[in-house]
Each structure stands twice: as structure tokens, then as C-alpha cells.
Novice: 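Take this structure first; my questions come after.
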Amino acid sequence: MRDYVILCDGACDLPLELRERFGITDYFPGNITKPDGTTILQDLDWKNMTPAEFYGSMSKKNIYQTSIRSLAAQSEFFEKYLEQGYEILNISISSGISGTYANCMAAAKALKEKYPEQRIVCVDTLRYAGAIALLASRASEMKKEGKALDEVAAWLEENKQKVHQMGTVDDLFFLKAMGRVTGMTALMGSLVGIKPMAEVNSKGENQVIAKTKGYNGLYEVSVEYLKRMAEDIGNQRIIISYTNRKAQALRIKELVEENFHPKEILMLVVGQTCGASIGPGMVNIFFMGPETSEGLVEETKVLNEILGK
């Protein structure tokens, strides 16, 4: 049986320390086009700019754009490991919000003729940011436990729809600008003091399912949502992702620790790939629960009950 490597794209948001801890061999960065029109490669380790510089420079007049790189670049990235004799398990950002997974599949198909005895297994997580980190970290632990590529890939497919999120963004402007939400939803998310609360649906898309007022309301609702939706939370790794809202993220971390005592909480700054679409005002909890319901009907019901609707 051939050895295999676990690769991600830049949407996994795992910095070098955690990539090394979990054995994430490498990541494929996407393109980031700055407001001045220059294009750079995304950097999960923020050597090209600090998070404060990135998020602090965002405004309705200063928007960062993202784009996938060429098929040739993706193929070259994969081939580097095929040449060393490895097979590949590649974990991708949701096809519902990016063309990255399709590009990976095309690269895998193109390389199959040259490397017929080595496999590239591509997993569409139907998730983003901290959710990918959650899945990738567990996949890497399974590899360290001696699990074969097929077993790990099967676990990812079986469990990706069980990754939930709860949190908010201050303003849906950036998501609208990148085509991630509808105009009406964006308008709702621009109302003063209103915090739109979103989950990820079964298509891998962000879907606003409720709203609350202010951060205090967000904290209360988020804790109650975890109480109702998380499964075996005491044995879970929880990921709290944030953009330019570290203080709020730390407060949520305190509340999660006080109320649930999970196995581990990781705090992750949202990287440039997802951050360009999200903007500076996000804080989100990623955790495991029941399989995502069609159209988020059950998740919406739970939130409405919490909000007394």
C-alpha cells in the first residue's frame, strides 16, 4: 500500500504551527487581487501582510478579489508529490462557493495517464474556513492512527455534512460584493445593530437563517444553539474563527469553555481566501452535530425556538 499525503487549499486557515501538528503536508494558495489591482498569492502565515493590515484596509471602496489559479499550477502542485511516489488526499473548499474543487478534479484527471498507479482522491467539503480545518485535522489524526486513504476519505464524505457553524458578520456587504448572498439578504444584514446569523446548507452555501441584536444577543443565542445542536461536545475539537473581531471571539471562547468544557478549542484567524468575501466583522463557531437538514429547515426551527419566534 502506497503512503499518501493530505493536502488542502488556502481556505483551510491552518497556520504553519497547526499544519505541522496535524501533518497537513502542504496547501495550495489562491490568488488575491488587492484594491490597487495587483495580484499576489494568498499566504496562510501572513508573511505578505498582517491580518490587521488586510482587514483594516477593507472598505466599501477597497475590496479584495479572489480567483483560482490555472489548471497547470494545480497540476504542478499535485505532481510534486506524485513524483515522490505518494498518493494524494486533497481536501477542498466548498464547490458551492468556489471553483477550486472542479479545478482539482480536472488536474487529477489530467495526471492519471502519467501516474496510472497512483491516486488523487479529491474531497469537496461543502464547507469553508474553520469547518475545513475541523475536517482536515481529524483526517490527519486518522492517518496518524494508520487509517488508509480510502477509509479517511470515506469518513470525510460521511461527516462533512455534520459540520455546523454559528456566528455572525457585522455587515453582509462583502459577501454581496463577491456574490455570496442575495441583495435582499445583504440589505437585512446592513441594518444598524442587527447581527445576521448564518449556517452552511447542504449545497455548501452560506444561508442566513436568523438575526439578533448586538453581540450580547449573539453570545446568548450561540451558546444555546451549541447546547441544542452539538453532539458529544465534551469530546469535540471546537474551532472559533474570526476576522477583525478577536475580542468578541475570545468572549465566545470563554463562554464555550464555561458551558461545555470541550476537548479542545482552536482560535483561527480567517485567511485571505475566505476573508476577502467575509470582510472584517466575522466571528463564528464550528462544531459537529447532526447531518445538515435540507434547506436548513431543522436548524432554522431550532434558532427560531431560541429566539422565541
Side-chain angles (χ1 to χ4, degrees), residues 5-27 44-46 51 89 91 93 123 125-147 151-153 155-168 199-200 218-243 245-271 274-275 278 282-292:
V5 294
I6 296 178
L7 308 177
C8 295
D9 55 60
C12 71
D13 290 352
L14 290 165
L16 179 60
E17 177 186 359
L18 291 178
R19 296 198 304 274
E20 290 180 340
R21 171 186 163 185
F22 291 120
I24 305 294
T25 304
D26 206 348
Y27 76 96
L44 278 178
D45 303 313
W46 297 95
L89 174 58
I91 302 174
I93 186 175
V123 175
T125 64
L126 297 174
R127 295 296 184 269
Y128 72 101
I132 301 176
L134 200 58
L135 291 167
S137 63
R138 180 58 193 140
S140 295
E141 288 173 335
M142 291 178 72
K143 182 179 185 296
K144 289 179 180 179
E145 293 165 3
K147 308 297 186 191
E151 188 173 356
V152 178
W155 183 91
L156 289 169
E157 293 291 351
E158 291 167 6
N159 287 275
K160 63 188 184 183
Q161 293 282 9
K162 296 179 182 179
V163 182
H164 292 264
Q165 68 177 51
M166 183 41 55
T168 190
E199 259 274 21
V200 179
L218 168 71
Y219 301 147
E220 293 172 7
V221 173
S222 295
V223 168
E224 187 62 28
Y225 191 74
L226 259 69
K227 191 178 295 182
R228 299 201 190 188
M229 293 296 296
E231 295 182 343
D232 193 21
I233 194 168
N235 290 312
Q236 281 202 42
R237 171 177 296 123
I238 304 295
I239 291 183
I240 299 175
S241 294
Y242 61 96
T243 54
R245 296 293 180 269
K246 186 175 182 179
Q248 290 85 350
L250 287 171
R251 179 55 183 148
I252 284 182
K253 179 176 183 285
E254 289 176 358
L255 291 170
V256 172
E257 287 175 333
E258 290 171 7
N259 285 274
F260 305 109
H261 310 291
K263 180 178 70 174
E264 179 179 30
I265 299 177
L266 294 179
M267 302 281 290
L268 297 182
V269 178
V270 178
C274 295
I278 292 167
M282 187 197 96
V283 56
N284 234 332
I285 312 167
F286 294 95
F287 62 95
M288 301 293 289
E291 189 158 322
T292 304

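Because only heavy atoms are used, hydrogens play no part in the values below, and waters and symmetry mates are left out as well, while side chains stay in. All figures in this text were calculated on a predicted structure; none of them were measured in a lab.
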Novice: Decide side-chain contact (heavy atoms from CB on, under 4.5 Å) for M267 and L250; before the verdict, give the C-alpha distance in whole Å, the side-chain angles of both, and the deciding distance to 0.1 Å.
Specialist: CA-CA 8 Å; M267 302 281 290; L250 287 171; 3.7 Å; yes

Novice: Got a donor-acceptor contact below 3.5 angstrom from the N284 side chain to the Q165 backbone?
Specialist: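 Here the side-chain-to-backbone pair does not exist.
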
Novice: Determine the minimum heavy-atom distance between A131 and V163, stating which atoms define it.
Specialist: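 Minimum heavy-atom separation between A131 and V163: CB-CG1, 3.5 Å.
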
Novice: Sequence neighbours excluded, which residues qualify as ring pair (Phe, Tyr, Trp, His ring centres under 6.0 Å) partners of W46?
Specialist: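 If we apply the ring pair (Phe, Tyr, Trp, His ring centres under 6.0 Å) test to W46, skipping adjacent residues, the hits are F54.
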
Novice: Determine whether V256 and K253 make a side-chain contact, defined as any pair of heavy atoms from C-beta on separated by less than 4.5 Å.
Specialist: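 In short, these two side chains do not touch, never coming nearer than 4.5 Å.
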
Novice: Counting N and O atoms only, with roles assigned by atom type, does the side chain of R19 sit under 3.5 Å from a partner on the main chain of L14, one being a donor and the other an acceptor?
Specialist: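 Yes, because the side chain of R19 sits within donor-acceptor range (under 3.5 Å) of the backbone of L14.
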
Novice: With R251, which residues qualify under salt bridge (Lys or Arg N to Asp or Glu O under 4.0 Å), at least two apart?
Specialist: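 R251 satisfies salt bridge (Lys or Arg N to Asp or Glu O under 4.0 Å) with E254 once adjacent residues are dropped.
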
Novice: Kindly indicate whether the side chain of S140, heavy atoms from C-beta on, has any atom under 4.5 Å from the side chain of I24.
Specialist: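 Yes, side chains in contact.
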
Novice: Look at the side chain of D9 and the backbone N and O of I93, then say whether any donor-acceptor pair between them is shorter than 3.5 Å.
Specialist: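 Confirmed, D9 side chain pairs with I93 backbone.
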
Novice: Checking the side chain of T243 only, and the main-chain atoms of V270 only, is there a donor and an acceptor separated by less than 3.5 Å?
Specialist: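 Not at all, since once roles are kept as given, no pair shorter than 3.5 Å links the two residues.
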
Novice: Nearest heavy-atom pair of E199 and Y225: which atoms, and what distance?
Specialist: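 So the two residues come closest at OE2-OH, 2.8 Å.
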
Novice: Shortest non-hydrogen contact from K143 to V152?
Specialist: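 For K143 versus V152, the nearest heavy atoms are N-CG2, 4.3 Å.
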
Novice: Count the heavy atoms of every other residue, nucleotide or ligand shown that sit under 6.0 Å from NZ of K263, and state whether that count exceeds 12.
Specialist: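 For K263, atom NZ is crowded (more than 12 foreign heavy atoms under 6.0 Å).
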
Novice: A side-chain contact here means heavy atoms from C-beta on lying under 4.5 Å apart; do Q236 and F287 qualify?
Specialist: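 A side-chain contact under 4.5 Å exists here.
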
Novice: Quick check against the 3.5 Å criterion: does H164 have a side-chain atom that pairs as donor or acceptor with the backbone of P290?
Specialist: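 Indeed, once roles are kept as given, a pair shorter than 3.5 Å links the two residues.
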
Novice: Can you confirm whether Y27 sits close enough to L7 that some side-chain heavy atom of one is under 4.5 Å from a side-chain heavy atom of the other?
Specialist: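 No. Closest side-chain heavy atoms not under 4.5 Å.
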
Novice: Quick one: does E231's side chain get under 4.5 Å of M288's, heavy atoms only?
Specialist: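 Side-chain contact under 4.5 Å: no.
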
Novice: Side chains of F22 and R138, heavy atoms from C-beta outward: is any pair under 4.5 Å?
Specialist: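 They are not in contact (no side-chain heavy atoms under 4.5 Å apart), so the answer is no.
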
Novice: Taking the side chain as every heavy atom from C-beta outward, state whether I91 and T125 have any pair of such atoms under 4.5 Å apart.
Specialist: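 Yes. Closest side-chain heavy atoms under 4.5 Å.
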
